[in-house]
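Inspection log for the structure reproduced underneath, given as structure tokens.
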Amino acid sequence: MTFSSIPVGNVKAIEKSEGYWASVLRRFSKDKLAIAALIVIILLIAMALLSPWISPQDPYAGRTLRRLRPIGTDGFPLGTDELGRDMLSRLMVGARMSLLMGVTPVLIAFCVGSTIGILAGFVGGKLNTVLMRTVDVFYAFPSVLLAVALSGALGAGLGNALLSLTIVFIPPIARVAEAVTTQVRSRDYVEAARASGASAFTIVRVHVLGNVVGPIFVYATGLISVSMILASGLSFLGLGVRPPEPEWGLMLNTLRTAIYVQPMVAALPGVMIFITSIAFNLFSDGLRSAMDVKS
Amino acid sequence: MLSYIGRRIVYALPIMLGVSLACFALVHIAPGDPLVSVLPADASEALRQQMMVLYGFDRSYLEQFALWLFRAAQGDLGTSIASGRSVSSEVMRAVGNTLILAITATFIGFLFGLLFGFVAGYFRDTWIDKSASVLSVIGVSVPHYWLGMVLVIIFSAQLNWLPATGMGPTGSAGWQMDWVHFQHILLPALTMSVIPMGIIARTIRALVAEILNQDFVQALRAKGLGELGVFTHVVKNAAPTALAVMGLQLGYLLGGSILIETVFSWPGTGFLLNSAIFQRDLPLLQGTILVLALFFVALNLVVDVVQSFLDPRIQRA
């Protein structure tokens, strides 16, 4: 058999074939729902970053005279809260704390959890047993209970809430990372790399990381929505951000007493949490099907 | 069968021990002197030492843990600092109230989740499927404490149909099977049911679609079995997974009820946790969390065993 026996069309096809990430991007860009979700997320982040400059009023300045104005009041398009502060400005500035509290724990847990899981999966043996059984103990707690238990014992505050949420999200990520790494470790290409003399470090860097990080990342993006709800939930319980700092969960809590006076205004912070959570969920779903990762 | 149950229990024991250790450690990661809420501010050093000995804080961590575990195994979880009552009696009463709420919510969520899941799985890629999928995404994305507030706004504040808070009329001691108590549980249970509803609908949809694609369904249809007959086969195949998901969801709801109990002032474990946290009542916090977490592990165990009864293939895996 000579090279000329390969049909020309086939060669062309190979030349034209795209990389994996290009194909992911192509599939993702066809998913209208996921694109819409991504746009919403970008808008929310932009709003959070620019809020000190674009918010129409001072989010901390309240006046008892203008407490609990309805939506559509002159100068206060979304009304005012229980201390007479502008709701629109507080929702905009509140996006900073809410997004920070929702995204940071997943981000840190992604780094720590992947490291634990990949290490356990790649090294195996006793190290795997020690690491994964420890992870199992924390995985055995329902997530809300663990978050409340840790931040309750540590005491209220932003740092403690972030720490508690990070500890909540490390176990599920580590378990996924370990499962995927164990699968990849037994693949032929890893065996081939080892046989051709590649060091453990090279194998991990090139073969394991390259094939493992994608699925773990998709899984972690799916956790952001849970994290948003949990983080705002901790603030709602009084365990997260302290007043007068605007944060959607805390705002929902302090406005609870106003549901008989201004129900629409009182429900607004929850709408923001809901929109953010649903956007991250749809984005993650879109990413999962674009990357063809089985859930 | 027995060997499978045995293996599963052997696996759960170290987890339970680890969970207990984590709960024990909660008191020690808490900042400040653990005695600070017991002692007066001007307590003498001698009194402090005496209390240290009384509470066992002068011993090594290992001794303290062993002693705490030994007492907990006998049902003694210590004394609540705020109320002075035994922690176990407080927790047991609260667990009962939370169980009533969580079971009702799981039942509602399971019912509607199954309905949406089956319909969506059967009519894949039609508008019915799409709307069921949208509903389940909403179910898993909605902040349930906010949904609870919205339901209170609509049904209590605006329409005045249902009570906004509490488990029964003022003065009612506990749960009773009557209309007034049913009215009180309706809103919190509906709110709580949204999470398992979304998750069960998602799981069942994928499961039904997968089962309908299998060869045996083709064979059943080929031999002339009617749609109703095929449907019973699908139900039989989906049941073990559906029940397992339901059991786990009940566990999550039990452990995660604190937010909804806060919204509706439901006198359960969430309410207990809330007061324990804000009164710095560490024995109460520790005891409540231990009971809930061990309950969750035990429930997982039961779910696995029941599932292996229904689906013998699991034991061989």
Side-chain angles (χ1 to χ4, degrees), chain A residues 33 133-156 160 222 225-226 228-230 232-234 236-239 248-249 252-253 255-256 259-264 266-282 285 295, chain B residues 11-12 14-19 21-23 25-32 137-138 140-147 149-150 152-154 156-158 164 202 206 251-259 262-263 269-270 273-274 276-278 280 282 285-286 288-289 292-294 296-297 300:
Chain A
L33 208 55
R133 291 300 85 80
T134 312
V135 163
D136 281 351
V137 167
F138 288 96
Y139 194 73
F141 285 88
S143 49
V144 181
L145 187 67
L146 185 59
V148 169
L150 289 170
S151 52
L154 290 169
N160 287 342
S225 143
V226 185
M228 285 293 309
I229 294 178
L230 259 183
S232 296
L234 285 183
F236 182 73
L237 290 173
L239 286 171
W248 297 335
L252 205 55
N253 182 18
L255 280 165
R256 262 176 70 203
I259 58 170
Y260 291 92
V261 191
Q262 268 328 325
M264 297 294 267
L268 277 176
V271 176
M272 297 306 294
I273 306 172
F274 189 23
I275 292 174
T276 316
S277 155
I278 216 167
F280 274 112
N281 246 334
L282 292 174
D285 281 355
S295 53
Chain B
Y11 175 77
I15 296 285
M16 286 187 161
L17 193 69
V19 164
L21 185 62
C23 290
L26 273 182
V27 167
H28 297 274
I29 60 165
V137 172
I138 289 176
V140 294
S141 308
V142 70
H144 45 281
Y145 38 93
W146 171 73
L147 182 68
M149 266 177 73
V150 171
V152 167
I153 288 172
I154 298 172
S156 305
Q158 301 290 320
R202 265 189 175 188
Y252 280 118
L253 291 189
L254 267 180
S257 66
I258 179 167
L259 285 157
T262 306
V263 173
T269 48
L273 280 176
N274 221 333
I277 288 168
F278 291 103
R280 300 295 306 153
L282 289 172
L285 180 71
Q286 193 180 36
T288 313
I289 287 166
L292 286 175
L294 288 184
F296 187 60
V297 178
N300 267 310

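The chains referred to below are lettered A, B, ... by the order of the sequence lines, with proteins before strands, and numbering in each begins at 1.
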Value rounded to 0.5 Å, distance of CZ in A:F274 from CG in B:L147: 8.0 Å

Structural part of A:I275 lying under 4.5 Å from a heavy atom of chain B: neither

Heavy-atom pairs under 4.5 Å with chain A, option from B:T288, B:V142, B:L253, B:L254 with the top count: B:V142

Gap separating the CG atom of A:L252 from the CE atom of B:M149, nearest 0.5 angstrom: 4.5 Å

When A:V144, A:L237, A:N160 are compared by non-hydrogen pairs under 4.5 Å with chain B, the top option: A:L237

Proximity breakdown for B:L273 and chain A, heavy-atom pairs closer than 4.5 Å: side chain

Listed partners of A:R256 passing side-chain hydrogen bond (donor to acceptor under 3.5 Å, both in side chains), at least two apart: none

Over all atoms of both residues, closest heavy-atom pair of A:P142 and B:G251: CG-O, 4.1 Å

Choice from B:I258, B:N300, B:V150 maximising heavy atom contacts with chain A below 4.5 Å: B:I258

Close side-chain approach of B:Y145 and A:I273, heavy atoms under 4.5 Å: yes

Heavy-atom pair of closest approach, residues A:A140 and B:V297: CB-CG2, 3.9 Å

Heavy-atom proximity to chain A below 4.5 Å, by part of B:L285: side chain

Greatest number of heavy atom pairs closer than 4.5 Å to chain A - which of B:A276, B:P143, B:G256: B:P143

Closest contact, heavy atoms only, A:G270 versus B:W146: CA-CD1, 3.2 Å

Interchain contact, B:Q158 with chain A, by part (heavy-atom threshold 4.5 Å): side chain

Toward chain B, the part of A:D285 with a non-hydrogen atom under 4.5 Å: side chain

Contact origin within B:A293 toward chain A - heavy atom pairs under 4.5 Å: both

Chain A interface, residue from B:V263, B:V152, B:N274 that has the most non-hydrogen pairs under 4.5 Å: B:V263

Approximate separation, where rounding is to 0.5 Å, of A:N253 CG and B:L259 CG: 10.5 Å

B:V137 to A:I278 - nearest heavy-atom pair and separation: CG1-CG1, 4.0 Å

Largest heavy-atom contact set with chain B, pairs under 4.5 Å, which of A:A147, A:G233, A:S225, A:S151: A:G233

Set of side-chain hydrogen bond (donor to acceptor under 3.5 Å, both in side chains) partners for B:S141, sequence neighbours left out: A:N281

Residue B:I138 versus chain A: region with a heavy atom under 4.5 Å: both

Per-residue contact mode, A:S232 against chain B (heavy atom under 4.5 angstrom): both

Whether A:R133 side chain and B:I15 backbone form a donor-acceptor pair below 3.5 Å: no

Best-contacting candidate, A:G155, A:S277, A:A153, A:A156, against chain B by heavy atom pairs under 4.5 angstrom: A:A153

Gap separating the OH atom of B:Y11 from the CG atom of A:D136, nearest 0.5 angstrom: 3.5 Å

Minimum heavy-atom distance between B:I277 and A:L239, given as atom pair plus value: CG2-CD2, 3.7 Å

Side chain proximity check, B:I29 to A:L150, heavy atoms < 4.5 angstrom: yes

Region of A:V271 that comes under 4.5 Å of a non-hydrogen atom in chain B: both

Leading residue by heavy atom contact count with chain B [cutoff under 4.5 Å; candidates A:G249, A:A267, A:G238, A:A266]: A:A267

Point-to-point distance, once rounded to the nearest 0.5 Å, from CG of B:L292 to CZ of A:F141: 10.0 Å

